[in-house]
> 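Quick one: structure below, then a few questions.
Just so we're on the same page: letters track the sequence lines, and every chain starts at 1.
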There are 2 protein chains.
Amino acid sequence: MAVGSAADGRPARLADVARLAGVSPATASKALNNREQVRAETRERVVSAAEALGFRPHNSARHLASGRSRTIGLITHDLEGRFSIPILMGAEDVAGTGDVSVLLCDARGDSIREQHHLHTLLSRRVDGLIVVGARTDPRPSLGALPVPVVYAYAPSEDPQDTSVVTDDLAGGRMAVEHLLALGRSRIGIVAGDIDFLAARQRVDGAMRALTEAGLEPVGGTALYGAWTEEWGRIAAASILGRHPEVDALVCGSDLIARGALETARERGRAVPQEIAVLGHDNWGLISDGARPRLSSIDLNLEELGRRAAALLFGAIDGDPRPRTTTIPSRLVPRGSTAG
Amino acid sequence: MAVGSAADGRPARLADVARLAGVSPATASKALNNREQVRAETRERVVSAAEALGFRPHNSARHLASGRSRTIGLITHDLEGRFSIPILMGAEDVAGTGDVSVLLCDARGDSIREQHHLHTLLSRRVDGLIVVGARTDPRPSLGALPVPVVYAYAPSEDPQDTSVVTDDLAGGRMAVEHLLALGRSRIGIVAGDIDFLAARQRVDGAMRALTEAGLEPVGGTALYGAWTEEWGRIAAASILGRHPEVDALVCGSDLIARGALETARERGRAVPQEIAVLGHDNWGLISDGARPRLSSIDLNLEELGRRAAALLFGAIDGDPRPRTTTIPSRLVPRGSTAG
DNA sequence: TTGTAAGCGTTATCAG
DNA sequence: CTGATAACGCTTACAA
């Protein structure tokens with residue numbers, strides 16, 4: 001059988017299809033690309049011929065002739081972290097639907113490596129580029145490039161670039177409002193690494209919600225530290241010791257929340273009855289292992305990836321959107337803040 | 001300045017470089033590709049010209065002319081899991097070094113989707129293919145393809161295919177031998193999901209080491225369950241209750257180990273003094289959060305990815321290795337099994 | 001509606 | 001060592 005090949009061994013090309021269908025290559029091309037200038041009956045003959053031969057258009061040839069590579073580049077700086085992956089999945093999802101492929105490059109936070117990959121991708125004439133940062137702090141713009149670029153997760157410092165970001169401010173606010181709605185009012189804030197914009201914004205959002213409710217956090221201020229369980233334990237121990245009246249903890253990440261939650265339990269505080277604990281990131285493996293399971297703020301990263309890809313395809317099709325888009329976060333309530 | 005372009009706005013092409021260097025395109029091509037048939041002085045002139053114009057060879061044109069796309073396809077079935085990522089990183093690493101790019105496709109365990117991506121990649125005439133499975137159980141072969149294929153993590157069912165796999169048997173053995181060396185002899189085995197080959201092989205390896213030492217596991221047999229902390233807690237509680245003499249636990253994963261470790265501690269058993277706990281996978285975030293930090297068996301997945309890529313490039317260069325390669329695991333001792 | 005022919009930017013062959 | 005010239009497989013005016 002002739003799956004994937006012409007009469008001999010080589011892969012079928014358009015000319016083979018055309019010959020079998022009894023038309024010219026030009027017509028075969030139009031038929032297969034759904035151009036309107038082709039009789040329905042002819043199109044069918046061409047399509048059958050293509051199928052019979054297992055014809056797969058040679059993408060590089062199409063690229064050379066048409067100018068479009070049907071390929072986008074994805075430069076990530078955090079492949080091993082867990083933020084890139086959902087973004088990447090979202091982008092790949094949208095791309096796959098539009099019959100475009102994704103070239104993946106891992107720059108590992110190194111701008112030299114980024115530059116190298118940038119050149120590689122430009123040399124492959126990608127139709128566009130998505131750059132995924134390792135953290136939400138703004139990053140230097142790549143400047144003017146021959147193709148559209150979308151910055152995901154880490155926005156470009158240049159507001160004229162197209163960026164898609166998380167909404168950590170709203171996330172922090174959402175966290176506190178959830179706890180307030182549950183009747184908690186002595187709320188402690190255990191933040192992440194103060195060097196990270198995400199840590200500060202989550203705190204800012206939480207503080208605003210508290211202020212609007214006429215409250216302030218237990219201890220008067222948020223405790224910044226590290227993105228680790230260890231820090232969650234230390235901070236929780238400190239707050240529980242100094243402010244035993246605390247009835248809720250907003251944590252900068254699920255890992256921190258996990259440490260805080262376990263410390264509270266070890267000290268005999270029932271979660272959520274006596275102390276509610278809320279995390280950020282909604283990281284399944286961390287929150288599912290906790291007892292009770294962790295409530296968390298989800299950043300909707302996969303949606304972020306989809307949006308980034310959608311914006312990129314828009315720009316490729318001539319509709320640039322030079323601004324920053326914010327993806328809303330959402331609360332995922334579980335046992336650690338149950339009623 | 002003329003960065004990335006000829007006199008006008010368009011990107012420079014080989015002809016521009018050739019003209020500026022005062023040679024023919026053919027010579028320019030040879031010079032830039034380090035062909036031997038070119039005078040050193042000429043080569044230099046061409047290289048300078050290329051630099052001055054910011055010349056980036058058009059990959060699709062090269063592809064069309066040379067037959068090599070300098071691109072490999074990577075189909076993964078477990079993007080969101082944590083096994084694919086290091087493999088992917090290793091492969092990307094090797095590829096980047098060889099100036100080839102990686103087209104990423106996420107098939108999500110769905111063979112329809114896999115088939116779709118396979119066609120896309122073949123249509124892009126990738127030079128080769130790496131297929132990464134979601135688990136170590138053998139998977140159906142893709143059969144004869146026009147390009148070399150390497151199966152990573154999940155081997156092909158066909159031994160004539162090229163596969164690269166982990167060594168879970170040795171991992172299980174290594175785990176027990178480590179504990180024996182530490183003087184433990186009443187060792188319990190808390191395994192993962194029995195439906196997974198990895199779970200069974202880890203147990204097999206552990207059992208062999210025990211048998212060779214003239215021992216059998218506490219309780220007489222391994223306890224299979226799920227890949228979760230929850231299962232780790234349940235199993236540990238059961239063993240501790242029924243066999244209080246247990247002095248070590250080999251767990252099927254770090255998540256399981258984490259649950260087991262915490263349960264031991266909650267029941268007042270000192271880790272590692274009274275009970276040593278050993279995990280599998282060496283998942284930093286899980287093992288680092290545990291107190292004490294978890295000893296674990298590392299599968300060397302990044303190395304697995306590198307090997308897969310190296311084998312693929314070998315096959316592309318005409319040196320196929322139709323067999324299965326096993327990547328050794330390694331023990332990473334930490335506090336949970338300290339002296 | 002279909003076909004002819006001219007590229008697209010590079011590499012490969014072979015003659016100088 | 002260098003340079004014409006012919007591919008590579010497809011798309012796209014433009015002509016029929």
> Where do A/Arg108 and A/Asp106 land on the salt bridge (Lys or Arg N to Asp or Glu O under 4.0 Å) test, with the steps shown first?
CA-CA 6 Å; A/Arg108 304 177 191 194; A/Asp106 180 15; 2.9 Å; yes
> Charged N to carboxylate O below 4.0 Å: is that the case for A/Asp99 and A/Arg70?
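Looking at A/Arg70 together with A/Asp99, the answer is yes, because their closest N to O distance falls below 4.0 Å.
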> What residues, two or more places apart in sequence or in another chain, satisfy side chain to side chain contact (heavy atoms under 4.5 Å, CB included) together with B/Glu80?
A/Met89
> Provide, to the nearest angstrom, the distance between the CG atom belonging to B/Leu32 and the P atom belonging to C/dG9.
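Value for this atom pair: 16 Å.
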> Quick one: list whatever passes salt bridge (Lys or Arg N to Asp or Glu O under 4.0 Å) with B/Glu36, sequence neighbours left out.
none
> Mind grabbing the angle between the end helix axes of the helix from C/dT1-D/dA16 to C/dG16-D/dC1? Five pairs an end, 10° rounding.
30°
> For B/Phe55 and C/dT11, what is the distance between atoms CZ and C1' respectively, to the nearest whole Å?
12 Å
> Is any side-chain N or O of A/Arg13 closer than 4.0 Å to OP1 or OP2 of D/dG9?
yes
> In whole Å, what is the span from the CZ atom of A/Arg70 to the P atom of C/dC8?
19 Å
> Taking atom C1' of C/dC8 as reference, at what distance in whole Å does atom CG of B/Asn59 sit?
14 Å
> Please report, rounded to the nearest Å, how far the C1' atom of D/dG9 is from the CZ atom of A/Arg10.
11 Å
> NE2 of B/His58 versus C1' of C/dG7: gap in Å, rounded?
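Spelled out: NE2 on B/His58 to C1' on C/dG7 is 13 Å.
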> May I ask you to verify if any side-chain N or O of B/Arg39 is less than 4.0 angstrom from the OP1 or OP2 atom of D/dC1?
no
> Taking for each residue the nucleotide of DNA chain D bearing the nearest heavy atom, is the 5' side occupied by B/Ala28 or by A/Pro57?
B/Ala28
> Contacts to DNA chain C from residues 40-48 of chain B, heavy-atom cutoff under 4.0 Å, which residues?
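None, since no heavy atom is under 4.0 Å.
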> Who are the side chain to side chain donor-acceptor pair (under 3.5 Å) partners of B/Asp93, not counting sequence neighbours?
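Counting only residues at least two positions away or on another chain, B/Asp93 forms no side chain to side chain donor-acceptor pair (under 3.5 Å).
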> Not counting sequence neighbours, which residues clear salt bridge (Lys or Arg N to Asp or Glu O under 4.0 Å) with B/Arg321? List them please.
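B/Arg321: salt bridge (Lys or Arg N to Asp or Glu O under 4.0 Å) contacts with B/Asp319.
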> On DNA chain D, nearest-nucleotide positions of A/Thr27 versus B/Val23: which is more 5'?
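The 5'-side residue here is B/Val23.
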> Would you call A/Pro320 and A/Thr162 a side-chain contact if the rule is heavy atoms closer than 4.5 Å?
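Side chain of A/Pro320 against side chain of A/Thr162, heavy atoms only: no contact under 4.5 Å found.
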> Could you tell me how far apart A/Leu14 (CG) and C/dA5 (P) are, to the nearest whole angstrom?
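So the two atoms are 17 Å apart, to the nearest Å.
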> Give me, pair by pair, the N or O atoms of the protein and of nucleotides 12-16 of chain C that are less than 3.5 Å apart, along with how far apart they are.
unit_1 : atom_1 : unit_2  : atom_2 : d
C/dA12 : OP2    : B/Arg35 : NH2    : 3.4

> Residues in salt bridge (Lys or Arg N to Asp or Glu O under 4.0 Å) with A/Arg139, at least two apart?
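Per chain and number, A/Arg139 pairs via salt bridge (Lys or Arg N to Asp or Glu O under 4.0 Å) with A/Glu114.
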> Name all residues meeting the ring pair (Phe, Tyr, Trp, His ring centres under 6.0 Å) criterion together with B/His58; count only those two or more places apart in sequence or in a different chain, and write none if there are none.
A/His63
> Suppose we screen for salt bridge (Lys or Arg N to Asp or Glu O under 4.0 Å). Which residues come up paired with B/Arg35, at least two apart in sequence or across chains?
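Here no residue qualifies.
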> Under 4.0 Å: is that the gap between some side-chain N or O of A/Ser24 and OP1 or OP2 of C/dG3?
yes
> To the nearest Å, how far apart are B/Leu64 CG and D/dT11 P?
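Going from CG in B/Leu64 over to P in D/dT11 covers 12 Å.
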> Any ring pair (Phe, Tyr, Trp, His ring centres under 6.0 Å) pairs touching residues 25-46 of chain A, not counting sequence neighbours?
none
> Restricting to pairs with a member in residues 74-126 of chain A, which pass ring pair (Phe, Tyr, Trp, His ring centres under 6.0 Å), not counting sequence neighbours?
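The answer is A/Phe83-A/Tyr153.
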